[in-house]
Chemist: 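The structure is given below, and queries will be raised subsequently.
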Amino acid sequence: MAVAVALVAVACGQNAPAPAAGALRIVSLVPSVTEMLFAIGAGRQVVGVSSYDHFPAEVESLPKVGALIDPDTERILALRPDLVVVYGSQNDAEARFKKAGIKTFNYRHAPTDAVLGTLDTITTLGTVTGHEAQAREVVVRITTGLDVVRKKVAGLDRPRTMLVIGRQPGTLQGIYAQGGSGFLNEMLEIAGGQNVFEDVKRESLQPSSETMLRVAPDVLLELRSGAPAGNYPGTDLEVWNTLASIPAVRNREVHALIGDHVVVAGPRIAQGAEAMARVLHADAYK
Amino acid sequence: MDATTHTALAPLAGSGRPIRSRLVLTIAGFGTLAIVTCVVAPLLGSSSINLRRALDASIPFATNVDAQILFIARLPRVLAGALVGAALASAGVVFQALLRNPLATPFTLGVSAGASLGAMLVIILGGTLAVGPWSSVPAASLAGAGLAAAIVYALANGPRRVMSTTVLLLAGVTLNAFFSALIVFVQYLADFAEVARAARWLMGDLDVGGFRPILAALPLVAAAAAIFVRLPAALNLMGVDTDSASARGVDVVATQRWAFFSASLATSGAVALAGPIGFIGIVVPHLVRLLVGSDHRIVLPASALFGATFLVACDLLARTLLAPVEIPVGIVTAIIGGPFFLWLLVREG
C-alpha cells in the first residue's frame, strides 16, 4: 500500500523496483521539504541538500548540490539517491532523474490554502519515506500549535497590517509587500492580523510611497529570513519615519521579525504564527 | 585661417537673429509643455487627494495624509522624473554628437553598466557605503559610473590628440559587455530575494521617497548643464567632421573632453538617482530633431525640456495604470519608446 501511494504521490511512472521504504536515500533541493523530512524522522536518509539549506543544523555537514536554477545533476547522481525532491517547475531536472531511474517528489508552492498544502506535503512525505506515524504526529502538533494561536487572538481587533518582505536597506525604495494570497498572507490571518493588501490577489506587490500612505496600515511588519548586513533592524527601521501619517509609524508599531521559522512554509509554521501574533497582539501574550 | 581661435567653451559667434527667435520660440513651447506636465502630474495619482486639505497649514503635517501624499509621494517623484528625464535626454544629444552616431545613447559608453554593477554589488553583497546625502546604493552606482567613464576615457584619449570615436564606441561596447557579465555573475551568486531586488533596480524607479536624493543628484546634473550650454555651436561644426571643425576654429580636443565629461556626469547623476531608465536618451533627441531640425543650439535645450516632460508623463502612467500595483517606469518608457523609435528608423530609412 505504502509503495502504491508513494508511486502515485511522486507521479513518476518508472518501473524501477522501489527499495524498502526505510532505506530510501533522499536528495532535497527544497529547503522547506528538507525541514519536513527531518521533522518526520527521515533526516538520516537525507544524503544531499540544496545550497540554501541551513536548518536543522545537521544539514550543514551534508553535500550541497545546487538549487532551483542550478541543480548539479552530476553530483546528485553521484550520491545515488532513490528519491530527489524537486520544485514543480524543474521539469528538465525531473526528466533527467527519471531517465536515471530515480524517483522524484514534486514540490509545488501553493498560492491558496498554503498552510493546508504544507500539512498535506508532510503527510505525503511520511507515506513516501515510510514515516507515516511520525508525519501524522507532526501534522497534529502543527495543527494544535496553530489552533492555540487562533484561540489566543480570537475576538481581538485585527490590526490592518502591511507585511514588508523586501526593502532596500536604508531607504524606502525597492519595497515588496505581501499581497492577498500566499502562505504569509495566511500566516498573518492566523496571527490575528488583516492584510492591508488582501484585495490584491497576488503573492507580492511593490507599493509606492503614495499607496502606502493611502492604505495607512496600523502595523508595519518586516520579515527577513536571516539578518541582513548592516544595522538591521536597529536604526534601519527609522527610515519609515518619513511616512509619518501612517498610523503604524505614529504609534511606533513598526517591527521586524527575523528567522526562517517565520518565512519558510515548513514544520515550524506554528512557531512563526506565534511570533507574528506576539507582535500584533502583545497584550494577549503578557 | 581665422585669426581668433574659438575655445570649446565659448559659443561661436554668428548666432544671428533667426536662430535667436527660433530658440526663444522653441524654449517657450517645450518649456510650457514641461511646466504644464510638472504641475498636472502631482495632482494625479493612484488615489485622489484633496488639494485644499493638502495645502492647509493648520492641519499638522504628521496627520495630514493628503499633504504627505503630495509632498512625500508625488512631488519628489515628479521632480526626480523631470531631472532624470532632462539629464538623460540632453546627455543623449551630446553623446550622439560626440560619437557622430545617431544610435548612441547615454548608456552606450558603459556609464550605466558601471553604475549598475556598483548598485548590484551593494544590493547583493550588502555593506554600507553611504556618503553624505547619498545612501549606499546610489553612492555605489555613482562610483561604478565614475570608474566606467574613467576607463573609457583613458582608453580613447591620448595626450592632446583627438579622441577616436571608433575607439570610444568599441571601448564602450566592450565595457558594457564586460560589466554586464560581472552583473550577471554577481546576481548568479545571490539569493532569490536579492536577485529580485537587483532586477527591480535595473528597471528604474522614480519613487525616491523624499527630496534628499534629488538634492544629492542635482549638483551633478547642474554642473553638467552648465557645461552643456557652452557646447552646441562647437558640436554643430564637429557634426560634419573634426578636421573642418578645427579649420573653423573649434578646439576639437577640448570640446570632446568637455562633452564626454559633462554627458557622463549627467548620466551618472540620473542613473544613481533612478536606475538605468532606457530609451529617453535616444527617443527624445530624435523626436525633437524631427520637430525643430538638427541645430544643437535648439535641439539641446528642447531635448532637456521634452525629456523632462516625457519621463514625468511615463511615470504618471507607471504609477496609475495598474494601481496599487506599480509598473516600473523603465518598462513604460521602453514600451512607448521602442515601437516609436522603430517607426522613426523605418520612416527615415
Side-chain angles (χ1 to χ4, degrees), chain A residues 31 50-52 54 67-70 87 162 165-177 179-180 196-197 199-202 204-216 223-232 235-236 239-247 249-251 263, chain B residues 45-49 59-70 72-74 76-77 119 122-123 125-130 135-138 188-189 191-201 203 205-210 212-213 274-275 315 318-320 322-328:
Chain A
S50 87
S51 330
Y52 295 103
H54 296 292
L68 177 64
I69 46 173
D70 60 349
Y87 286 93
M162 180 164 116
I165 52 181
R167 176 170 63 78
Q168 201 166 291
T171 71
L172 287 181
Q173 288 184 279
I175 290 177
Y176 283 81
V196 286
F197 293 121
D199 295 335
V200 183
K201 290 299 173 200
R202 294 162 50 111
S204 71
L205 69 154
Q206 293 182 272
S208 62
S209 319
E210 172 164 353
T211 302
M212 294 190 287
L213 285 165
R214 189 52 81 190
V215 298
L223 306 178
R224 294 284 188 282
S225 61
N231 189 1
Y232 191 88
T235 52
D236 202 83
V239 295
W240 288 103
N241 293 346
T242 318
L243 307 181
S245 77
I246 294 182
V249 177
R250 264 205 322 269
N251 305 326
V263 296
Chain B
S46 54
S47 55
S48 63
I49 57 168
I59 307 169
F61 186 69
T63 56
N64 191 341
V65 180
D66 296 277
Q68 292 207 355
I69 288 181
L70 183 63
I72 294 174
R74 291 191 191 165
R77 275 187 91 133
V122 167
I123 289 174
L125 303 180
T128 41
L129 270 186
S135 60
S136 296
V137 174
Y188 185 73
L189 296 177
D191 212 335
F192 296 139
E194 289 151 356
V195 173
R197 273 204 297 130
R200 177 66 188 84
W201 188 88
M203 299 175 198
D205 185 11
L206 291 167
D207 192 12
V208 294
R212 207 175 71 148
D315 188 51
R319 59 195 166 92
T320 52
L322 296 183
V325 175
E326 189 159 321
I327 312 168

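Chain A is the first sequence line, chain B the second, and so forth, proteins listed ahead of strands; every chain is numbered from 1.
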Chemist: Check each atom of B/Ala196 against the heavy atoms of chain A and say whether the ones under 4.5 Å are side chain, backbone, both or neither.
Modeler: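 Backbone plus side chain of B/Ala196, per the 4.5 Å heavy-atom cut-off to chain A.
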Chemist: Locate the shortest heavy-atom distance separating B/Arg319 from A/Glu210; write the atom from each residue and the value.
Modeler: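 B/Arg319 and A/Glu210 have their closest heavy atoms at NH1-OE1, 3.9 Å.
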Chemist: Is the closest side-chain heavy-atom distance between A/Gln173 and B/Asp207 below 4.5 Å?
Modeler: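 They are not in contact (no side-chain heavy atoms under 4.5 Å apart), so the answer is no.
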Chemist: Which atom pair, heavy atoms only, marks the closest approach of A/Gln206 to B/Glu326?
Modeler: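 That would be O-CB, 3.8 Å.
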Chemist: At a heavy-atom separation under 4.5 Å, does A/Asp70 approach chain B through its side chain, its backbone, both, or neither?
Modeler: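 Its backbone and side chain both get close to chain B.
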Chemist: If you count heavy-atom pairs under 4.5 Å between each of B/Ser46, B/Pro60, B/Pro213, B/Pro76 and chain A, which one has the most?
Modeler: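 When all of B/Ser46, B/Pro60, B/Pro213, B/Pro76 are compared, B/Ser46 has the most.
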Chemist: So do A/Arg250 and B/Thr63 actually touch side chain to side chain, heavy atoms under 4.5 Å?
Modeler: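 Yes, at least one pair of side-chain atoms sits under 4.5 Å.
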Chemist: Just give me the residue among B/Val208, B/Asn64, B/Leu70 that pairs up with chain A most often, heavy atom to heavy atom, under 4.5 Å.
Modeler: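 The option with the most such pairs is B/Val208.
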Chemist: Give me the atom names and distance for the closest heavy-atom approach of B/Arg77 to A/Ser208.
Modeler: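 Of all heavy-atom pairs spanning B/Arg77 and A/Ser208, the closest is NH1-CB, 3.6 Å.
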Chemist: Under 4.5 Å heavy-atom distance to chain B, tell me which part of A/Ile175 shows up: side chain, backbone, both or neither.
Modeler: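 Nothing of A/Ile175, per the 4.5 Å heavy-atom cut-off to chain B.
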Chemist: Go through the atoms of B/Ile49 and report whether side chain, backbone, both or neither lie under 4.5 Å from a heavy atom of chain A.
Modeler: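 Contact with chain A: backbone and side chain both.
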Chemist: Identify which part of A/Thr171 has an atom lying under 4.5 Å from any heavy atom of chain B, answering side chain, backbone, both or neither.
Modeler: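 It is the side chain, since no backbone atom gets that close.
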Chemist: Relative to chain B, which segment of A/Arg202 carries a heavy atom at a distance below 4.5 Å: side chain, backbone, both, or neither?
Modeler: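 The side chain, not the backbone.
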Chemist: So, does A/Arg214 use its side chain to make a donor-acceptor pair with the main chain of B/Ser48 at under 3.5 Å?
Modeler: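 At least one qualifying donor-acceptor pair exists.
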Chemist: With a 4.5 Å cut-off on heavy-atom pairs, point out which of B/Ser135, B/Ser47, B/Ala73 contacts chain A the most.
Modeler: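 Option with the top pair count is B/Ser47.
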Chemist: Looking only at non-hydrogen atoms, find the nearest pair between B/Asp205 and A/Gly174 and report the distance.
Modeler: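 Smallest heavy-atom distance, with atoms named: OD2-N, 4.5 Å.
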Chemist: Name the one of A/Leu213, A/Thr242, A/Ile246 that satisfies side chain to side chain contact (heavy atoms under 4.5 Å, CB included) with B/Gln68?
Modeler: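 When A/Leu213, A/Thr242, A/Ile246 are each tested with B/Gln68, the side chain to side chain contact (heavy atoms under 4.5 Å, CB included) holds only for A/Leu213.
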